[in-house]
Amino acid sequence: MTNDSGWALALGPGGPVGTAWLLGLAAGLREAGVEPADAGLVVGTSAGAIAGAAITTGRDLAALAELPPPSGPPPAVDGSVMARVFELGRDPALDPGEVRRRIGRLALDTGALPAQRHHASMSYLVGTDTWPKTRLLITGVDVESGEPVVWDASSGIPLSLAVAASSAAPGFAEPVTIGGRRYLDGAFAGWSNEELANGARPLVVIEPLPHMSHGGGDVWIVPDERALEAFGPNVGDRSRWAPVYREGVRQAPEAAERIAGALALHR
């Protein structure tokens, strides 16, 4: 996982609402003169995988300021599943691998959006199955073994499929099959941003859910109070996509100043 071309950008999880904020922020960064795709390495986890793929492949981010009308009834989401997931994570008797295996079993046993429909949504957001020239890492978890995984251009799988697996949260979307194995949300993989960045500096970490993060990086960017108010209590609430996207755009000028300052320090 070497990175020989400068700074690294790590994009964290946050559900559909967090995805909208990340995309709006990235669009605003471009307008402010900081191109996130110029990073030598982009690491994407869950919502960050969606945004990272859209950013690095040159997707027109303004086209994602609003979601298209749904083609069918909204999927039923069992909000209690994530509560059980977090309970597993807090159990001191379980090692990380066992936690991930139990989360995997929970994901398999819970009704959720069919993987095919989830993949189709990710294909729309990413816009291509071709991996970018920018080094892009996408995280996931093997449902059966509980082992964390990182996909990149050398993995030989379509980009949108890796993104779909990385964003398949238990209770929201079924695990995604790749090469005969099933994978779920990379938010549970346990990789650290510093580990994946492998010494690249500066490391810019952008986290839609600051309360679930330990910070880190040379620059740490999170939603401010106004943006978090727009998020609302449910990060799966797609009706909030457009206003949250606009909040990302609003925060971008200040974020661009911070990133530009860090880049100048590390030249």
Side-chain angles (χ1 to χ4, degrees), residues 1 10-15 18-19 41-53 75 77-78 81-123 125-126 129 131 135-198 209 212-213 236:
M1 299 178 193
L11 305 170
T19 304
L41 173 67
V42 177
V43 178
T45 296
S46 195
I50 302 168
V77 177
D78 185 350
V81 175
M82 290 308 297
R84 289 153 68 192
V85 165
F86 293 134
E87 286 178 8
L88 287 170
R90 290 192 296 266
D91 189 336
L94 302 177
D95 64 56
E98 181 60 23
V99 169
R100 290 190 292 266
R101 286 188 289 274
R102 294 195 184 193
I103 291 173
R105 291 196 290 272
L106 183 61
L108 291 174
D109 293 341
T110 303
L113 180 70
Q116 187 174 9
R117 282 185 60 189
H118 178 57
H119 184 197
S121 296
M122 297 306 100
S123 295
L125 291 174
V126 175
D129 271 333
W131 287 76
R135 181 147 170 71
L136 172 65
L137 304 182
I138 292 177
T139 66
V141 174
D142 185 303
V143 167
E144 183 178 354
S145 71
E147 289 298 312
V149 63
V150 176
W151 294 287
D152 63 12
S154 69
S155 300
I157 64 173
L159 176 58
S160 67
L161 193 61
V163 169
S166 183
S167 57
F172 171 76
E174 293 177 346
V176 172
T177 301
I178 300 175
R181 301 193 67 84
R182 302 184 77 180
Y183 296 91
L184 58 77
D185 200 307
F188 307 108
W191 298 103
S192 71
N193 292 317
E194 287 77 7
E195 182 179 7
L196 291 168
N198 196 33
L209 300 178
M212 293 180 61
S213 169

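- The CZ atom of F188 lies 10.5 Å from the OG1 atom of T139; values are rounded to the nearest 0.5 Å.
- Within the 4.5 Å cutoff, no side-chain heavy atoms of M122 are placed close to those of S166.
- Closest heavy-atom contact between P148 and W191: CB-NE1, 3.4 Å.
- Side-chain contact between R117 and S121: absent, with no pair of heavy atoms (C-beta onward) separated by less than 4.5 Å.
- Atom-to-atom distance recorded for L88:CG and L94:CG is 6.5 Å, nearest 0.5 angstrom.
- Taking CD from E174 and NE2 from H118, the interatomic distance works out to 10.5 Å, rounded to the nearest 0.5 Å.
- Here the shortest heavy-atom pairing between G104 and L184 reads CA-CD2, 3.6 Å.
- Counting heavy atoms from C-beta on, the side chains of V149 and I178 never come closer than 4.5 Å.
- Of the inter-residue distances, the one linking N198 atom CG with L41 atom CG reads 8.5 Å to the nearest 0.5 angstrom.
- Nearest heavy atoms, S46 versus S167: OG-CA, 3.8 Å.
- The two atoms that bring P175 and L108 nearest to each other are CG-CD2, 3.9 Å, heavy atoms only.
- Of all heavy-atom pairs between S160 and H119, the closest is OG-NE2, 2.8 Å.
- Of the inter-residue distances, the one linking L196 atom CG with I138 atom CD1 reads 12.0 Å to the nearest 0.5 angstrom.
- Distance check, rounded to the nearest 0.5 Å: CD1 of I157 to CH2 of W131 gives 6.0 Å.
- For the pair R84 and P170, the minimum side-chain heavy-atom distance is 4.5 Å or more.
- In this structure, T19 and A47 approach most closely via the heavy-atom pair OG1-CB, 3.1 Å.
- Side-chain atoms of S192 come within 3.5 Å of backbone N or O of E195 as a donor-acceptor pair.
- Remark: side-chain polar atoms of S155 are paired, donor with acceptor, to backbone N or O of D152 under 3.5 angstrom.
- A donor-acceptor pair is defined here as one N or O able to donate and one able to accept, closer than 3.5 Å; no such pair exists between the side chain of R182 and the backbone of T177.
- The 12-atom threshold is exceeded at CD of E98, counting heavy atoms of other residues, nucleotides or ligands nearer than 6.0 Å.
- In this structure the side chain of L106 reaches within 4.5 angstrom of the side chain of V85, judged on heavy atoms.
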